[in-house]
Chemist: 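Here it is, the structure in full.
Values below: every heavy atom of this structure, side chains too, minus hydrogens, waters and symmetry copies. Chain letters run A, B, ... following the sequence lines, proteins first and then strands; every chain starts at 1.
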Number of protein chains: 4
Amino acid sequence: MSKVEKNKKQKENSLYDAAYDLFTTKGINDTAISEIVKKAGVAKGTFYLYFKDKYDILDKIILNKSSQVLSEAIIETKNKNFTEFEKELLYFINYIIEFFKKDKLMLKLIYKNLSWGIFKKAYRDYEEIQEIYLMFERGYENTSLPKEDIEKILFIIMELTGSICYSSIILNEPANIDEMKPILFDTIKKII
Amino acid sequence: MSKVEKNKKQKENSLYDAAYDLFTTKGINDTAISEIVKKAGVAKGTFYLYFKDKYDILDKIILNKSSQVLSEAIIETKNKNFTEFEKELLYFINYIIEFFKKDKLMLKLIYKNLSWGIFKKAYRDYEEIQEIYLMFERGYENTSLPKEDIEKILFIIMELTGSICYSSIILNEPANIDEMKPILFDTIKKII
Amino acid sequence: MSKVEKNKKQKENSLYDAAYDLFTTKGINDTAISEIVKKAGVAKGTFYLYFKDKYDILDKIILNKSSQVLSEAIIETKNKNFTEFEKELLYFINYIIEFFKKDKLMLKLIYKNLSWGIFKKAYRDYEEIQEIYLMFERGYENTSLPKEDIEKILFIIMELTGSICYSSIILNEPANIDEMKPILFDTIKKII
Amino acid sequence: MSKVEKNKKQKENSLYDAAYDLFTTKGINDTAISEIVKKAGVAKGTFYLYFKDKYDILDKIILNKSSQVLSEAIIETKNKNFTEFEKELLYFINYIIEFFKKDKLMLKLIYKNLSWGIFKKAYRDYEEIQEIYLMFERGYENTSLPKEDIEKILFIIMELTGSICYSSIILNEPANIDEMKPILFDTIKKII
DNA sequence: TATGAATGAGAATTCATTCAT
DNA sequence: GATGAATGAATTCTCATTCAT
């Protein structure tokens, strides 16, 4: 990577970091581009060299951060070499929950903006994400369930986990996450 | 109600209707108060006589609209006089889904802004909402499940339904709502 | 006119005056809206209460100013009660030339932006403008020339006068206006 | 011409072509240098190696294009070997009109920016342009008209033609060019 | 010569909120 | 209570120009 390339990457990263910090602490609406560039230590025009507008950098942040969480979770899960699908899945889900318990701000930013569409995009750029689906496929390999239905079940479990995390970690509703966990795990067991 | 009172109510309602229309079609961020008052046919200052700001009227709209949907759904469900809890619940859920299939815009507005907190508020102002909980209580009356756990299950099912509606009706992901329904119903059956 | 109405008119006029001054002295491109409002002594937002953008106020200024010049010229001409069309027309043209000799800045602003379209608009709002056409009609009343052709001749003479004024008064090309006048008058005599 | 020289000329020409295309289609104000260089396929800095700013390249384009039209028109006219001045002049004028009928965009760009000053500049660089004046001189050779007056008449006719072309071809006012032509030709006949 | 990333001043525009009528 | 003109801070976004490579 040339010096120029390095410098470009550095500037882009400064912008990512600054925007992420401001989005999580002040909220998206209350963050102005002028604040992002100030915090990143670059000129205003530089922002527009890399991003179309505030929502462009937001989308890219959401994609990066959520992919990171999922990657980390699936890698850690695979390292455990589970033999049983149920245990493996619950470990994976639990890893995500514990992650978000420690990083509420990220959860807040990601959740309301995360969608299956972004998840699919992550497929391409982060190959670990594919491992999540493969885990499910292995879990259902002795059943006659068609591929699409496996995907739907995966989707339902992910959505459910996301919803519960958001409500209980951020809003403490209808109870805090530790109280919700047993019933969530129970539900997931029933689903699979 | 005096003539003056009527006039006031009328103005307030115009504002509600105008704001709802604009929020659903243009989005919340892209709707200015000046547009709301213009559409409502009242003066700018009048808005501030009834609401604090844009988010004040939004919250009230969300509360009204979501309570309306749930009220309608539970009333219709009760009218059917189901004897079996499972059938009753699925009818209720299905009613909501079919409602949102016909009114995507409302779903879009409500979902991203609905929370268990608003749901609890609705308890107070709309007594039909309490019926939803009572339906669950009856469903679990022969079990030893504590009150809080029943509430959590209700919550989980509501969140799951909301998530699935949003993804499949608005985004068609991972499949359209009619394809998702069987698997969602199956999941709910397993949960309860 | 109520106090509020008066105040509005006053603000609008301040904006007109400030914009006219800046457009003529600094040029259109180099005049910012922030300068206009500053000079007019009103807030930035006030500008947008009355005009869409810089070109909106420019168009209105062009229409006003050019109508004013033509009105003044035709009124003065009619006051002289000429009996001969040629003499009347040349007096009218000369009046315009002398006007612009004294107000080069207005000429510069108006000319490149003036068009027959604006002239037609002026017909509606300033009834004196119609007198210009009536003068021509009377001049040609004993000929069989169709109405449209009279209009075309009027147009040609107006365009020619405008062009010559602009080149010779502003650019001194190909000679100054006093040198150009005899040949212009000669040309007009030949045309009519 | 060396390879380097060729390459330079090529870049300069790309810039000319790109700028001309953008000026005619988007307008001068709405064309940014960044767009010109993008379309020309050269780097931003390269622009400043050849031109001072946007108005520098504009002036050069205007000079080139207008000289081209006039050159073409006078060459074609001379090829016809007219013996009568009136016929020769009208052929020349008509050639210009027909040219602009086919290339409205060029007319639009040139007219508002053309001046006698540019015309005089063209004298130096394009010797054919001098032929236009010579045609006039021959036309008036048997009169006692001083040189300056001949130039003024030429100027008046050129200005008039330009004005009429612009109004009737671009704006269709007060009539389309084909309706205006007879009356314009008539006027020119009277003038000479 | 040529490049194009970076700059940052500054332009246009919006809009929540106030307040005299 | 109702109005809507006025405000001006805040925000987005553009773009000519520079300069290290």
Chemist: Rounded to the nearest Å, what distance is computed from the CD1 atom of residue Ile33(A) to the P atom of nucleotide dG8(E)?
Modeler: 17 Å
Chemist: So if I take every side-chain heavy atom of Ala32(B) and compare against dA2(F), dA6(F), dC15(E), which nucleotide ends up nearest?
Modeler: dC15(E)
Chemist: Calculate the interatomic distance between Phe47(A) atom CZ and dA5(E) atom C1'; express it in whole Å.
Modeler: 17 Å
Chemist: Test Val42(A) against every option in Glu12(A), Lys11(A), Gln10(A) by the side chain to side chain contact (heavy atoms under 4.5 Å, CB included) rule and name the one that passes.
Modeler: Lys11(A)
Chemist: Both Lys8(A) and Ser34(B) contact DNA chain E. Taking the nearest nucleotide for each, which residue is further toward the 5' end?
Modeler: Lys8(A)
Chemist: Test the Lys65(D)-Tyr20(D) pair against the cation-pi criterion, namely NZ or CZ under 6.0 angstrom from the six-membered ring centroid and within 45° of the ring axis.
Modeler: yes
Chemist: Quick check on dA6(E): is either OP1 or OP2 less than 4.0 Å from any side-chain nitrogen or oxygen of Asn7(A)?
Modeler: yes
Chemist: From the options dA5(F), dG8(F), dT1(E), select the nucleotide whose nearest atom is closest to the side chain of Ala43(C).
Modeler: dG8(F)
Chemist: Which nucleotide in the list dA5(F), dA12(E), dA2(E) gets nearest to the side chain of Lys54(C)?
Modeler: dA12(E)
Chemist: Would you kindly compare Val42(B) and Lys52(D) by the position of their nearest DNA chain F nucleotide and give the one closer to the 5′ end?
Modeler: Val42(B)
Chemist: Does dT21(F) have a Watson-Crick or wobble partner in any strand here, with both distances under 3.5 angstrom, and which is it?
Modeler: dA2(E)
Chemist: Can you figure out which of dA5(F), dT12(F), dT3(E) approaches the side chain of Val4(C) most closely?
Modeler: dA5(F)
Chemist: Would you call Lys38(A)-Glu35(A) a salt bridge at under 4.0 Å N-O?
Modeler: no
Chemist: How many whole angstroms separate atom CD of Glu35(B) from atom C1' of dA16(E)?
Modeler: 13 Å
Chemist: For a 4.5 angstrom cut-off between non-hydrogen side-chain atoms, does Leu109(B) reach Leu58(B)?
Modeler: yes
Chemist: Whole angstrom is fine here: how far is it from CD in Gln10(B) over to C1' in dG1(F)?
Modeler: 15 Å
Chemist: Taking OP1 and OP2 of dC15(F), is either one under 4.0 Å from a side-chain nitrogen or oxygen of Tyr48(A)?
Modeler: no
Chemist: From dA5(F), dA6(E), dT3(F), pick the nucleotide closest to the side chain of Tyr50(C)?
Modeler: dA5(F)
Chemist: Can you work out whether Asn29(D) or Thr31(A) has the more 5'-proximal nearest nucleotide on DNA chain F?
Modeler: Thr31(A)
Chemist: Quickly work out the Lys9(C) NZ to dA5(F) P distance and round it to whole Å.
Modeler: 13 Å
Chemist: Using Watson-Crick or G-U wobble geometry with both distances below 3.5 Å, tell me the partner of dT14(F), or none.
Modeler: dA9(E)
Chemist: Select one nucleotide: of dA16(E), dA5(E), dT3(F), the one nearest the side-chain heavy atoms of Leu49(A).
Modeler: dA5(E)
Chemist: Atom CD1 of Ile57(D) to atom P of dT17(F): distance rounded to whole Å?
Modeler: 13 Å
Chemist: Can a side chain N or O of Lys3(A) be found less than 4.0 Å away from OP1 or OP2 on dA20(F)?
Modeler: no
Chemist: Picking from dT17(F), dA5(E), dT17(E), which would you name as closest to the side chain of Lys44(B)?
Modeler: dT17(E)
Chemist: Determine, using ring centers only, whether Phe23(B) and Tyr16(B) are less than 6.0 Å apart.
Modeler: no
Chemist: Between dT14(F) atom P and Asp30(D) atom CG, what is the distance in whole Å?
Modeler: 12 Å
Chemist: Can you find a side chain N or O atom of Thr46(A) that sits less than 4.0 Å from OP1 or OP2 on dT7(E)?
Modeler: yes
Chemist: Does atom NZ of Lys108(D) have more than 12 heavy-atom neighbours, drawn from other residues, nucleotides or ligands, at distances under 6.0 Å?
Modeler: no
Chemist: Just how far, in rounded Å, is P of dT14(F) from CG of Asp53(A)?
Modeler: 10 Å
